[in-house]
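Please see the structure below; I have some questions.
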There are 2 protein chains.
Amino acid sequence: MRIHVQNPPDEVLFPITPEQWDAALSRYPDLDDLQVSFSSDPAGLDPALAEAEVVVTWTKIVHAQMMGGDLGGRAPKLRMVFCTSAGIDRLLPLDWLPPGVVLLNNRGTHARKAGEFGIMALLMLANHVPFFADRQREAQWQPRFGSVLAGRTAVVVGLGSLGGAIAEHARHFGMRVIGVRHGNTPHPACEKVVPQQELDSILPEAEFLVLACPLTPETQNLMDRRRFGLLPKDAKLFNIGRGPLWDQDALCDLLEAGHLGAAVTDVTVPEPLPPDHRAWRTPNLLVTPHMSADDPGTYNDRSLDILLENIRAERAGQELPNLIRPDRGY
Amino acid sequence: MRIHVQNPPDEVLFPITPEQWDAALSRYPDLDDLQVSFSSDPAGLDPALAEAEVVVTWTKIVHAQMMGGDLGGRAPKLRMVFCTSAGIDRLLPLDWLPPGVVLLNNRGTHARKAGEFGIMALLMLANHVPFFADRQREAQWQPRFGSVLAGRTAVVVGLGSLGGAIAEHARHFGMRVIGVRHGNTPHPACEKVVPQQELDSILPEAEFLVLACPLTPETQNLMDRRRFGLLPKDAKLFNIGRGPLWDQDALCDLLEAGHLGAAVTDVTVPEPLPPDHRAWRTPNLLVTPHMSADDPGTYNDRSLDILLENIRAERAGQELPNLIRPDRGY
């Protein structure tokens, strides 16, 4: 089976290396027939596509070099495109995928790192850290006290690997966790789970609101100005999903007005956020630059394990755990 | 038994109320002979001292109104002074305590809140949050990635209720925890515990260093410039003890020079930190205004429980769990 890894030309932190590939293969000794090629030159993609059955690459490379042209003609043997990220919203809709080719993401890679970042964000919100960061800009010592997390309610929207990991940490700290998801399958960390259509009914209980769902046409602008208004006064928010999940201007307005208590976000519109953007200066809003879920120490090892687990599942005739379903968009 | 509660005149958040007292007594039904009086007027202290056997008050009131005068003459029946804080360093040395009068602190009150703040601080350091707060001031989007805590080493100086709670959280996240304490009694969260005299030998391993010990003549300036130099490059620091535990100027110098990676501190010299102080503007240093350990939702309930447990212990002829020992100063 021929696999091609296409790295970005400028990637210094996260390129997939032959050493990482060999290490991954040693963990899957049954997959001893895989042949791999590597390129970090954009011009190296098409020659490799002529032979490859599996392409492992970045969403930005799929977006720039694979979505546009006649992929079926350029890659006659292609069966699988594996993206080294979980969010593939920029590749939607999936009408560019040739028949018989599946798209996979690396969901599961980010859980541990994102879970830690998520509980950190909840603790920062409980301890007024965005407020103190603002005061530090002004060199003002202004104590404000916070309470422990135990007994307080967190609503976690999205219970995939990110939201699930955050929910588990919140539960460990004694929080009451309510999950919101596509469907209403229970989750062990959640006292209850409601389907996304019932989001409105649960928002008045959300002292803490976590957005950890994929961005799809159904979740775009999920937290609009009206829904922000359903949150209790002084609600605390954390977005680890995608910037367009909420109405960022409404968020800034409501933080300025003091209706919302504070927010931590790792995602913005646009990214990177330009220097003149109001979000940098909105009170009680702390921005981190889309780094919450990526651990350079473990990222590619986890991604490659997930790829190889999916190849093993395909050979066993099982459902692919990381398959993107075109109908739901994640 | 006559007990007097002296609140500060200006206290709005943490005054001990008659309702809190009654609620506490209901949890200790065997202590049904306690009579209590309350005052928030400084002039109310001395009349109460004439009769009181126990005074419950703030260190700042002890400092201002009890240390100076002839306390034995003014309070002939006094047997116990209970301070509603854990750090009593400003009352040292204890030569003002009349014979037969004991000083108690409320250690144990802060553990849960401080433990949460401590693991938050470690996660913020692992995720470069002080760096991002600096970048937000400059409106600069500059990603930098961090790794999970598992497998990394934290040295926790002080294993009382604060340091112990932080060590337990760190262990839960898979960190390797080394404790430093007075003596070398093992601690369940610590892989090993070394006495304070051996601190130098352990500092080169401290990717994360937590200061959670009391301030005494022995711990003052514990982290001096020489010891900061023993830490690994890019070490991350958190101080939840007292500002004078470290050489604050050396800390700022070494953060500016890039030898130290980042720091979060809830304590400074002086407090409040004046607007023109360099610590507000030191790179990779995040300052919170001495609020990490105090949870207004539970503070007085916990303090009063601890007081009543000590009164119960005294009546049973047992050692007082919260006794300040004049020889060691905590």
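Every value quoted in this text rests on a predicted model; they were computed, and no experiment measured them.
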In residues 285-294 of chain A, which residues are in contact with chain B at a heavy-atom separation under 4.5 Å?
->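 Checking residues 285-294 of chain A against chain B gives A:Leu285, A:Leu286, A:Val287, A:Thr288, A:Pro289, A:His290, A:Met291, A:Asp294.
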Toward chain A, the part of B:Glu138 with a non-hydrogen atom under 4.5 Å = neither
Compare all side-chain heavy atoms of B:Leu13 with those of A:Phe145 and state whether any distance is below 4.5 angstrom.
->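 Yes, close enough: below the 4.5 Å cut-off.
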Atom group of B:Ala279 that falls short of 4.5 Å from chain A, counting heavy atoms | backbone
For residues 162-175 of chain A, tabulate all N or O donor-acceptor pairs below 3.5 Å that involve a side-chain atom, not counting sequence neighbours.
| from | atom 1 | to | atom 2 | distance (Å) |
| --- | --- | --- | --- | --- |
| A:Arg171 | NH1 | A:Met175 | O | 2.6 |
| A:His172 | NE2 | B:His172 | NE2 | 3.4 |

Over all atoms of both residues, closest heavy-atom pair of A:Pro296 and B:Gly146 |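 The pair with the smallest heavy-atom distance is CD-O, 3.7 Å.
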Is there side-chain contact between A:Trp280 and B:Trp141, with heavy atoms separated by less than 4.5 Å?
-> yes
What part of B:Phe14 gets closer than 4.5 Å to chain A, counting heavy atoms only: side chain, backbone, both or neither?
-> side chain
Between A:Arg137 and B:Gln136, is any pair of side-chain heavy atoms under 4.5 Å apart?
-> yes
Which residue out of B:Leu149, B:Thr298, B:Val129 racks up the most heavy-atom pairs below 4.5 Å with chain A?
->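 Most heavy-atom pairs under 4.5 Å with chain A: B:Leu149.
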With chain B, which of A:Arg281, A:Glu271, A:Arg135 has the greatest number of heavy-atom pairs at distances under 4.5 Å?
->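 Greatest number of close heavy-atom pairs with chain B: A:Glu271.
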For residues B:Val148 and A:Glu116, report the shortest heavy-atom separation together with the two atoms involved.
->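 For B:Val148 and A:Glu116, the tightest heavy-atom pair comes out as CA-OE1, 3.5 Å.
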With A:Met120, which of B:Ile119, B:Leu122, B:Asn127 fulfils side chain to side chain contact (heavy atoms under 4.5 Å, CB included)?
->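 Option passing the side chain to side chain contact (heavy atoms under 4.5 Å, CB included) with A:Met120: B:Asn127.
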